[in-house]
Amino acid sequence: TVNKGWVRHESEATVKERVGGPKKTYPIDRHKVLVDSDRAWNAGTKYSASKGAALATAKVALTQKNATSDPIWTVQCYDANNKYIGTVVILATTGAVVSGS
């Protein structure tokens with residue numbers, strides 16, 4: 001979780017996928033993570049500004065869909081009143097924006 005630029009580490013980065021039954025866990029290939037949480041935060045800041053809002057708090061998650069996919073940063077953006085602005089998703093390999101909603 002990121003709040004005003006400060007990162008609180010909650011757990012080892014892993015991703016879970018439902019495969020016809022029990023959840024399977026894939027560790028994130030850290031060698032593919034070339035974009036750090038600061039750049040994810042900056043993407044959230046730019047996204048929020050494009051929506052006419054100022055980013056104050058964000059929920060930031062590094063995930064990987066399966067063992068062979070590229071990791072992504074998902075940034076849920078909130079203003080100073082904790083009002084949801086939107087979510088931006090970027091590739092952790094390049095920083096390219098995948099989606100914004």
Side-chain angles (χ1 to χ4, degrees):
T1 304
V2 178
N3 187 338
K4 295 184 182 178
W6 292 90
V7 178
R8 185 182 72 189
H9 180 71
E10 294 179 346
S11 65
E12 182 65 26
T14 59
V15 64
K16 295 180 180 175
E17 175 183 55
R18 179 149 311 269
V19 185
K23 290 182 181 179
K24 188 171 182 180
T25 302
Y26 298 100
I28 291 174
D29 182 350
R30 293 182 187 207
H31 293 87
K32 288 184 174 181
V33 180
L34 304 177
V35 175
D36 62 15
S37 59
D38 286 342
R39 283 186 57 195
W41 174 270
N42 290 340
T45 300
K46 288 178 185 175
Y47 173 78
S48 297
S50 76
K51 297 290 188 181
L55 179 66
T57 303
K59 292 181 182 177
V60 179
L62 177 63
T63 59
Q64 187 170 310
K65 229 177 189 181
N66 58 48
T68 59
S69 66
D70 287 333
I72 58 170
W73 285 105
T74 302
V75 185
Q76 296 176 339
C77 306
Y78 298 86
D79 68 13
N81 295 316
N82 207 31
K83 180 180 174 192
Y84 178 71
I85 299 166
T87 298
V88 63
V89 178
I90 67 168
L91 287 174
T93 54
T94 65
V97 174
V98 176
S99 68
S101 60

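Taking hydrophobic clusters as Ile, Leu, Val, Met, Phe, Trp and Tyr residues chained together by side-chain heavy-atom distances below 4.5 Å, Val97 does not share a cluster with Leu91. Side-chain heavy atoms closer than 4.5 Å link hydrophobic residues (I, L, V, M, F, W, Y) into clusters, and following such links, even through other members, never connects Leu62 to Val89. Linking Ile, Leu, Val, Met, Phe, Trp and Tyr whenever their side-chain heavy atoms come within less than 4.5 Å puts Val75 and Val33 in one cluster.
Within the 4.5 Å cutoff, side-chain heavy atoms of Trp73 are placed close to those of Val60. Annotation: side chain of Ile90 is in contact with side chain of Val35 (closest heavy-atom distance under 4.5 Å). Counting only heavy atoms from C-beta outward, the side chains of Cys77 and Tyr84 never approach each other to under 4.5 Å. No side-chain heavy atom of Thr94 sits under 4.5 Å from any side-chain heavy atom of Leu34. By the 4.5 Å heavy-atom criterion applied to side chains, Thr74 and Thr87 are counted as neighbours.
Legend: residues meeting side-chain contact (heavy atoms from CB on, under 4.5 Å) with Lys32, ordered by chain and number and at least two apart, are Asp29, Asp70, Pro71, Thr93.
Put simply, CD on Gln64 and CZ on Arg30 are 11.5 Å apart, with the number rounded to the nearest 0.5 Å. The distance from the OG1 atom of Thr63 to the CD1 atom of Ile72 is 4.0 Å, given to the nearest 0.5 Å.
No donor-acceptor pair closer than 3.5 Å links the side chain of Asn81 to the backbone N or O of Lys83. Between the side chain of Asp36 and the backbone N or O of Arg39, at least one donor-acceptor pair lies under 3.5 Å.
Here the closest non-hydrogen pair linking Trp41 and Ala58 is CZ3-CB, 3.7 Å. In plain terms, the two heavy atoms of Leu55 and Ser48 that are nearest each other are CB-OG, 3.7 Å.
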